[in-house]
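So you know, we letter chains A, B, ... as the sequences are listed, proteins then strands, and number each from 1. Computed from a predicted structure; not experimentally measured. The analysis underlying the following values was restricted to heavy atoms, covering all of them including side chains, and did not include hydrogens, waters or symmetry mates.
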Number of protein chains: 2
Amino acid sequence: MLDVRRLYLLRELDRRGTIAAVAEALTFTASAVSQQLSVLEREAGVALLERSGRRVILTPAGRSLVAHADAVLERLELAVAELASAREGIGGSLRIGTFPSGGHTIVPAALAELAQRHPALEPMVQEIDSARVSDGLRAGELDVALVHDYDFVPASPDTTVDEVPLLEEPMYLATNTATKTTSRGNTLAELLGPYAEAPWITAREGTTGHAMAVRACQAAGFQPRIHHQVNDFRTALGLAAIGQGAGFVPEMATAHPPAGVVLTKLPLFRRSRVAFRAGGGTHPAIAAFVAAARAAVG
Amino acid sequence: MLDVRRLYLLRELDRRGTIAAVAEALTFTASAVSQQLSVLEREAGVALLERSGRRVILTPAGRSLVAHADAVLERLELAVAELASAREGIGGSLRIGTFPSGGHTIVPAALAELAQRHPALEPMVQEIDSARVSDGLRAGELDVALVHDYDFVPASPDTTVDEVPLLEEPMYLATNTATKTTSRGNTLAELLGPYAEAPWITAREGTTGHAMAVRACQAAGFQPRIHHQVNDFRTALGLAAIGQGAGFVPEMATAHPPAGVVLTKLPLFRRSRVAFRAGGGTHPAIAAFVAAARAAVG
DNA sequence: ATCGAGCATAAGTTCAGCTTAGGTATCTCG
DNA sequence: CGAGATACCTAAGCTGAACTTATGCTCGAT
């Protein structure tokens with residue numbers, strides 16, 4: 001019988017790219033991971049890895065084995081969820097990951113609801129970059145996470161993670177009274193066009209928020225001149241208010257804008273979702289969090 | 001992560017009924033099995049077993065966990081099959097189980113075919129009672145097996161075993177020239193009725209062949225007086241030939257009947273199939289055996 | 001009553017799987 | 001182009017999980 005722990009290592013290698021990264025994530029030494037993968041390969045009787053420069057890559061056989069590993073681990077997750085729901089009551093710790101603006105808004109409301117309904121549950125919140133959520137879930141560092149994506153920046157599909165939609169909110173263009181121009185229409189190009197030469201305020205490079213801003217401007221026909229890179233939407237609004245440029249903010253951040261800001265609703269959306277390990281959706285603590293998060297967004 | 005080896009033990013306990021039987025089948029001590037199941041139960045956080053007299057039975061939670069174990073192990077079997085097909089060539093040992101009359105006829109023909117096509121494959125044949133085939137497959141003592149069932153004796157469905165049909169053959173009533181009566185019809189009752197008071201030759205008590213004979217006679221309206229219990233159809237034909245009674249034989253055994261035997265085709269069928277572990281159907285050696293067996297039965 | 005079957009627990013043993021240590025090949029950068 | 005960093009592998013030693021052995025307890029059959 002194939003050892004599922006070794007299949008798990010193979011899967012992590014596929015996702016993380018190097019043995020060293022797998023070892024680091026699972027707090028082993030690289031040697032241990034290498035040895036276990038060697039054993040797996042010997043048992044398989046087929047080459048699963050091959051060296052490529054100083055790293056290793058999976059052979060086709062290795063990749064198809066990862067697909068089986070995904071299926072097996074998903075089913076095990078389902079079994080764990082069922083056992084958890086068989087235990088009476090919801091309790092224990094629940095590790096929650098969230099993107100920063102989710103932390104401000106959805107999370108406190110959801111946690112208040114959750115604490116009231118399930119006092120034995122100990123939520124542990126942790127801000128995390130959306131791109132690292134999948135790794136965190138697989139490694140067991142997180143049980144559930146709030147994630148989002150934008151138009152123009154589709155999330156890459158990931159079979160190891162299940163997601164339930166939470167919220168779809170329009171993005172707003174934040175400018176100020178001085179720079180505001182009367183728009184001639186309400187397509188994205190018409191709304192953004194007047195700011196083709198303006199300085200822009202975006203999220204930090206490498207984030208999906210940044211990519212969304214760039215691609216939205218490109219779709220409107222220009223390359224934005226980015227002056228400010230801040231992840232905090234309140235800061236972005238503050239900069240826009242004092243005429244430092246134009247920026248994108250989600251509806252969630254528009255509740256109490258600073259004086260002088262002008263907000264224009266855009267035909268551009270951000271979708272927030274709750275993510276968890278594939279098969280984990282029936283886990284009572286996760287299901288309770290999902291329910292609380294949905295209640296929190298109304 | 002749940003340990004799949006422990007889930008495997010739980011599944012075997014569900015199938016075999018006692019910890020001692022599981023231990024015996026897997027060549028462990030009962031103590032080892034008991035300890036591992038205790039650990040599984042502790043990890044699960046739910047009662048999986050409860051004592052019932054001097055044995056243990058699975059709780060509902062335990063049984064539902066077994067269902068997950070079935071799914072996981074089936075997927076692992078699929079992975080193993082795929083790895084085997086990725087290895088170039090078909091070789092290694094293939095453990096074949098067969099019921100006795102299959103051993104006479106189908107198996108030699110199939111093995112000749114198999115040896116010609118795949119000389120590196122080492123078939124290992126073993127006669128085995130059909131009732132024990134499922135256990136043997138799960139325990140890895142067998143890779144593939146010829147099994148059969150009869151009308152009136154349906155095989156109990158088993159999710160851990162996949163089967164492909166091989167042959168459906170009519171059963172024959174074997175009598176001799178002296179005792180033969182002219183039948184007035186061709187329903188089972190009409191054909192068997194004249195022998196209601198005759199002595200009968202059946203397979204040994206506890207086999208499906210025995211159960212079939214009894215139930216067929218009951219369906220024809222009488223309780224057979226069983227004088228001889230032999231599993232070997234040649235022997236049964238020999239007894240019938242010398243006027244020792246009436247018996248049932250499958251078409252497969254009617255090729256060269258002894259002198260004096262009268263064979264009457266009955267509206268009663270025996271179905272032969274090839275069985276293997278669920279998920280194992282794509283294993284190249286198993287697929288090759290299935291193909292050879294189908295070729296052998298024409 | 002007695003005995004065997006079945007399971008659990010305690011204690012001792014063994015080996016799979018880990019770390020440490022050291023070596024090789026590859027990539028990067030001054 | 002040489003030095004250092006990175007990534008992996010192998011050898012050797014160590015540790016704990018999982019096994020066996022030994023023992024006791026309970027239940028059911030004779």
S.K.: Is B/Ser34 near enough to C/dA8 that one of its side-chain N or O atoms lies under 4.0 angstrom from OP1 or OP2?
M.R.: yes
S.K.: So does B/Arg55 get a backbone contact from the side chain of B/Ser52, meaning a donor-acceptor N/O pair under 3.5 Å?
M.R.: no
S.K.: Measuring only between side-chain heavy atoms, which start at C-beta, is B/Thr160 closer than 4.5 Å to B/Arg15?
M.R.: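 With C-beta onward as the side chain, the pair touches.
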S.K.: Using whole Å, report how far CG of A/Leu26 lies from P of C/dC18.
M.R.: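 Interatomic distance, CG of A/Leu26 to P of C/dC18: 11 Å.
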S.K.: Scan B/Ala32 against the nucleic acid and name what it touches under 4.0 Å (heavy atoms): base, sugar-phosphate only, or nothing.
M.R.: base
S.K.: Within this structure, what is the CZ-to-C1' distance between B/Arg5 and C/dA16, rounded to whole angstrom?
M.R.: 11 Å
S.K.: Atom CD1 of B/Ile57 and atom P of C/dG6: how far apart are they, to the nearest Å?
M.R.: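 Atom-to-atom, B/Ile57 to C/dG6, this comes out as 16 Å.
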S.K.: Hey, are A/Arg138 and A/Ser134 close enough side-chain-wise for a donor-acceptor pair under 3.5 Å?
M.R.: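 Side-chain D/A pair, A/Ser134 to A/Arg138: present.
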S.K.: For residues B/Leu7 and A/Leu76, determine if any side-chain heavy atom of one lies less than 4.5 Å from a side-chain heavy atom of the other.
M.R.: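 In short, these two side chains touch, coming nearer than 4.5 Å.
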S.K.: Answer yes or no: side-chain N or O of A/Gln36 and base N or O of C/dC18 forming a donor-acceptor pair under 3.5 Å.
M.R.: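 It does not, because no donor-acceptor pair links the side chain of A/Gln36 to the base of C/dC18 below 3.5 Å.
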S.K.: Taking for each residue the nucleotide of DNA chain C with the nearest heavy atom, is it B/Thr18 or A/Val33 whose nucleotide lies nearer the 5' end?
M.R.: B/Thr18
S.K.: From the 5' end of DNA chain D to its 3' end, which nucleotides mark the outer limits of contact with chain A, defined by a 4.0 Å heavy-atom distance cut-off (strictly under)?
M.R.: D/dA5 to D/dA11
S.K.: Strictly distance-based, threshold 3.5 Å: is any side-chain N or O of A/Glu41 a donor or acceptor partner for the main-chain N or O of A/Leu48?
M.R.: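 It does hold such a pair.
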S.K.: Starting at atom CG of A/Leu9, determine the distance to atom P of C/dG17, rounded to an integer number of angstrom.
M.R.: 11 Å
S.K.: Write down the distance between CZ (B/Arg16) and P (C/dG6), rounded to a whole number of angstrom.
M.R.: 14 Å
S.K.: Ignoring the backbone of A/Thr29, work out which of C/dG17, C/dC7, C/dT19 is nearest its side chain.
M.R.: C/dT19
S.K.: Spell out protein contact along nucleotides 22-30 of chain C as letters: B when the base is contacted, S when just the sugar-phosphate is, - when no protein heavy atom is under 4.0 Å; keep the 5' to 3' order.
M.R.: ----BB---
S.K.: Check for a donor-acceptor pair, side chain of A/Arg277 on one end and backbone N or O of A/Leu142 on the other, with a separation under 3.5 Å.
M.R.: yes
S.K.: Looking at the base of C/dT20, is there any donor atom on it, or on the side chain of A/Ser31, that sits under 3.5 Å from an acceptor on the other one?
M.R.: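 Looking at the base of C/dT20, it does pair with a donor or acceptor on the side chain of A/Ser31 (distance under 3.5 Å).
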S.K.: Could you tell me the separation between the CD atom of B/Glu50 and the C1' atom of C/dC7, rounded to a whole number of Å?
M.R.: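 Result: 15 Å.
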S.K.: Base, sugar-phosphate or nothing for A/Val56? Non-hydrogen atoms, less than 4.0 Å.
M.R.: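 Contact class for A/Val56: sugar-phosphate only.
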S.K.: Given side chains that start at C-beta, do those of B/Val4 and A/Leu2 come closer than 4.5 Å, heavy atoms only?
M.R.: no
S.K.: Do A/Gln126 and A/Thr98 get their side chains close enough for a donor-acceptor pair, meaning under 3.5 Å?
M.R.: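 Short answer, no.
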S.K.: With rounding to the nearest 0.5 Å, note down the distance linking CG in A/Leu10 to NE2 in A/His68.
M.R.: 11.5 Å
S.K.: Identify, between A/Phe28 and B/Gln35, the residue whose nearest nucleotide on DNA chain C lies closer to the 5' end.
M.R.: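 Going by which nucleotide is closer to the 5' end, it is B/Gln35.
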